[in-house]
Enquirer: 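Structure below; questions to follow.
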Amino acid sequence: MAARSTPKRSTPAAPTKPLWLVYLVGWLIPGGGHLWLGRPRKGLVFLVALPAMFVIGLALEGRLFPFLPSEPLVALAALANVGSGLPYLIAQTLGFGAGRPVALTYDYGNAFIITAGLLNALVILDAHDIALGRK
Amino acid sequence: MSIQSHLLLMAVFALFVATVGGVLLRDTARQQVRAGAEIFGSLMGGAIVLGWILYVFPL
């Protein structure tokens, strides 16, 4: 009797780089994870586009929100801000991102800054898939 | 920044999101450009349609 062959489940290959380091590099340097994992074209696009969005947001007088547990939406915006990594840390250190709510472009600035952080989170997830050999 | 045109700012925003989205979602350059164009068109078209709906039926 022929043995029935069971279909093998495709398991992702073991990551070639430590995942936590991929996350850290990808967070600190937008696109850095892709550059490190050998996807230079994608990495360069992210490296240019995401910090540019962040800087444009600051130039439009957007705000880097503080962590206020009593204001859940503000805390979520702050979390999204942190997603930008090194640009966020530099801006915080240099005192940028005070925001001017009466400015015509204030909301646009916030949209740029928040979206840059959230997109970087997606980029980190993509780097995670690449590191696991899924892409 | 001196840009104060809402439409232009929206277009710049959509351009960045479309660029990152297209590159993120697809692997070949041709597919990335196509996906980026679709995202850009959806964002701009959606915003303009929504704008007209809100113009006729304001909240």
Side-chain angles (χ1 to χ4, degrees), chain A residues 26 30-31 33-35 37-62 80 83-84 87 96 99-100 102-130 134-135, chain B:
Chain A
H34 286 76
L35 291 171
L37 293 168
R39 304 287 172 101
R41 208 167 55 87
K42 277 191 170 190
L44 278 176
V45 171
F46 301 142
L47 185 62
V48 171
L50 294 176
M53 274 188 89
F54 185 84
V55 170
I56 291 172
L58 289 180
L60 292 172
E61 305 189 71
S84 285
F96 292 115
R100 199 165 64 91
V102 295
L104 190 66
T105 55
Y106 174 71
D107 285 326
Y108 284 100
N110 288 336
F112 271 82
I113 296 171
I114 288 171
T115 306
L118 294 177
L119 284 174
N120 196 34
L122 288 179
V123 168
I124 294 168
L125 287 177
D126 192 57
H128 166 88
D129 280 347
I130 294 169
R134 291 177 182 158
K135 291 184 92 176
Chain B
M1 187 176 270
S2 60
I3 300 174
Q4 295 194 341
S5 159
H6 290 251
L7 189 68
L8 183 59
L9 285 172
M10 189 176 75
V12 172
F13 178 83
L15 189 67
F16 275 106
V17 173
T19 302
V20 174
V23 171
L24 200 57
L25 291 173
R26 301 285 183 263
D27 289 322
T28 67
R30 193 181 177 85
Q31 289 174 330
Q32 287 168 346
V33 170
R34 187 183 169 87
E38 285 173 2
I39 295 170
F40 182 78
S42 303
L43 287 172
M44 290 297 287
I48 289 169
V49 167
L50 193 62
W52 275 104
I53 290 172
L54 288 172
Y55 180 71
V56 178
F57 305 105
L59 291 174

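For the numbers below, each heavy atom of this structure counts, side chains included, while hydrogens, waters and symmetry mates do not. Letters go in sequence order (proteins before strands), and every chain restarts at 1.
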Enquirer: Should I56(A) and F13(B) count as side-chain neighbours, where that means a heavy-atom distance under 4.5 Å?
Expert: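 Contact flag for I56(A)/F13(B) side chains = no.
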Enquirer: Given that the side chain runs from C-beta out, which part of A111(A) has a heavy atom under 4.5 Å from chain B: side chain, backbone, both or neither?
Expert: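 For A111(A), backbone and side chain are both near chain B.
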Enquirer: Working to the nearest 0.5 Å, report the span between CG of L119(A) and OG1 of T19(B).
Expert: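 Rounded to the nearest 0.5 Å, the CG-OG1 separation comes to 10.5 Å.
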Enquirer: Do you know which of L50(A), V48(A), L122(A) makes side chain to side chain contact (heavy atoms under 4.5 Å, CB included) with V20(B)?
Expert: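 Per the side chain to side chain contact (heavy atoms under 4.5 Å, CB included) rule, the option paired with V20(B) is L50(A), out of L50(A), V48(A), L122(A).
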Enquirer: Could you tell me if the side chain of L104(A) sits less than 4.5 Å from the side chain of H6(B), heavy atoms only?
Expert: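 H6(B) reaches L104(A) side chain to side chain.
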Enquirer: Quick one: what part of F112(A) sits under 4.5 Å from any heavy atom of chain B, side chain, backbone, both or neither?
Expert: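 For F112(A), the contact with chain B is made by backbone and side chain together.
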Enquirer: Looking at D27(B) and K42(A), what are the two nearest heavy atoms and their distance?
Expert: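 It is OD1-NZ, 3.2 Å.
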Enquirer: To the nearest 0.5 Å, how far apart are CG in L24(B) and CZ in F46(A)?
Expert: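 Reported to 0.5 Å precision, the distance equals 4.5 Å.
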Enquirer: Which bit of V45(A) is near chain B, if near means a heavy-atom gap under 4.5 Å: side chain, backbone, both or neither?
Expert: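 Only the side chain of V45(A) comes within 4.5 Å of chain B.
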Enquirer: Would you say Y106(A) has more than 12 foreign heavy atoms packed within less than 6.0 Å of its OH?
Expert: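 Yes.
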Enquirer: Quick check: do T115(A) and F16(B) have side-chain heavy atoms less than 4.5 Å from each other?
Expert: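 Of all side-chain heavy-atom pairs linking F16(B) with T115(A), none is under 4.5 Å.
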Enquirer: Using the side chain to side chain contact (heavy atoms under 4.5 Å, CB included) rule, take M53(A) and V17(B) through it: C-alpha gap first, then chi angles, then the decisive distance, then the call.
Expert: CA-CA 9 Å; M53(A) 274 188 89; V17(B) 173; 4.2 Å; yes
